[in-house]
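To start, the structure itself, in structure tokens.
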Amino acid sequence: IQVDKSPDFIEMVSGAGYEKLRRGARYKKAEGLTGAIWARGEPVKYDTRQEVENPANGWRGLNNDQVLNQRAAWECCSLIGVPLRIGARTIGVLKVENKKPVKVSHFTHNELRTLAIVASNIALALEMRRQEDVIFTKGERARDFTHDVTNEVGTAEHALDAAAAAAREYSAPQVVV
């Protein structure tokens, strides 16, 4: 799973199998397959290595060295990927890849639809978490503001009490004998 942490790039935050080696990889919008899915906001299904590695589909081989340095026989044979969307906004990408040295197989259109359903649930959960953080931050700011105002009001009350006491002393009648 890659998730946007800024408007300029998305970062791989989760992966299984070989993809664990790529955690932390960053992609700019339209950069590599991941960035292409992010930029287009459309699901993709590639059934052959040639389709996966076609530059017209966005492939650039970015971050492959992290895997190839440890698994020389690694290659992506087929792939499905879907955007994580909230309304019209794409907040990330979910990809599933079939890699050698496993048996070569292709993903079905039903698997692509299933992945899209899973992605919509993940996107919703991520957005709810983001909104929770926003609300928490606003609540913290409101609490701090209320605390500051309460302190200022208390300080003003003490100043008024002191001024009233001084005024009473000053205006008290003086008796001279």
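Side-chain atoms are counted along with the backbone in the values below, which use heavy atoms only and exclude waters and symmetry mates. Position 1 is the first residue of the sequence, and the numbers go up from there. Remember, it's a predicted structure, so these values are computed and weren't measured experimentally.
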**Report entry** salt bridge (Lys or Arg N to Asp or Glu O under 4.0 Å) partners for Glu42, two or more places apart
**Finding:** none
Requested in this report: Check Ala119 against Pro83 and note the closest heavy-atom contact, atom names and distance.
Outcome: CB-O, 3.9 Å
Report task. Of all the heavy-atom pairs spanning Gly35 and Tyr27, show the shortest one and how long it is. Result -> N-CB, 4.3 Å
Query raised in the report: If you take all heavy atoms of Ser78 and His106, which pair is closest and at what distance?
Result: OG-CA, 4.0 Å
Query raised in the report: Any side-chain heavy atom of Arg129 sitting closer than 4.5 Å to one from Gln131?
Result: no
Requested in this report: Check whether any side-chain heavy atom of Val96 sits under 4.5 Å from a side-chain heavy atom of Leu115, and report yes or no.
Outcome: yes
**Report entry** Close side-chain approach of Asn54 and Asn57, heavy atoms under 4.5 Å
**Finding:** yes
Query raised in the report: Roughly how far, to the nearest 0.5 Å, is CG of Asp47 from CZ of Phe107?
Result: 9.5 Å
Query raised in the report: Is Glu51 salt-bridged to Arg49, cutoff N-O under 4.0 Å?
Result: no
Query raised in the report: So do the side chains of Ile91 and Arg89 get within less than 4.5 Å of each other, counting heavy atoms only?
Result: yes
Query raised in the report: Less than 4.5 Å apart, any side-chain heavy atom of Leu112 and any of Thr108?
Result: no
Query raised in the report: Mind checking whether Ile80 and Lys95 have side chains closer than 4.5 Å, heavy atoms only?
Result: no
Query raised in the report: Does any non-hydrogen side-chain atom of His109 lie less than 4.5 Å from one of Arg113?
Result: yes
Query - Straight-line distance of Arg26 CZ to Phe9 CZ, nearest 0.5 Å - result: 3.5 Å
Query raised in the report: Which heavy-atom pair separates Leu33 from Val52 by the least distance, and what is that distance?
Result: CD1-O, 3.6 Å
Report task. Starting from the C-alpha separation in whole Å, work towards a yes-or-no answer on side chain to side chain contact (heavy atoms under 4.5 Å, CB included) for Leu94 and Val118. Result -> CA-CA 9 Å; Leu94 180 61; Val118 169; 4.1 Å; yes
Query raised in the report: What distance separates Lys29 NZ from Thr34 OG1, expressed to the nearest 0.5 Å?
Result: 13.5 Å
Query - Nearest-0.5 Å distance, CG of residue Leu126 to CD1 of residue Ile86 - result: 8.0 Å
Report task. Please say which of Ile10, Val82, Leu84, Val44 ends up in a side-chain contact (heavy atoms from CB on, under 4.5 Å) with Val93. Result -> Ile10
**Report entry** Shortest non-hydrogen contact from Gly41 toward Arg85
**Finding:** O-NH1, 3.0 Å
Query raised in the report: Looking only at heavy atoms, what is the nearest atom pair of Glu127 and Arg130, with distance?
Result: OE2-NH2, 2.8 Å
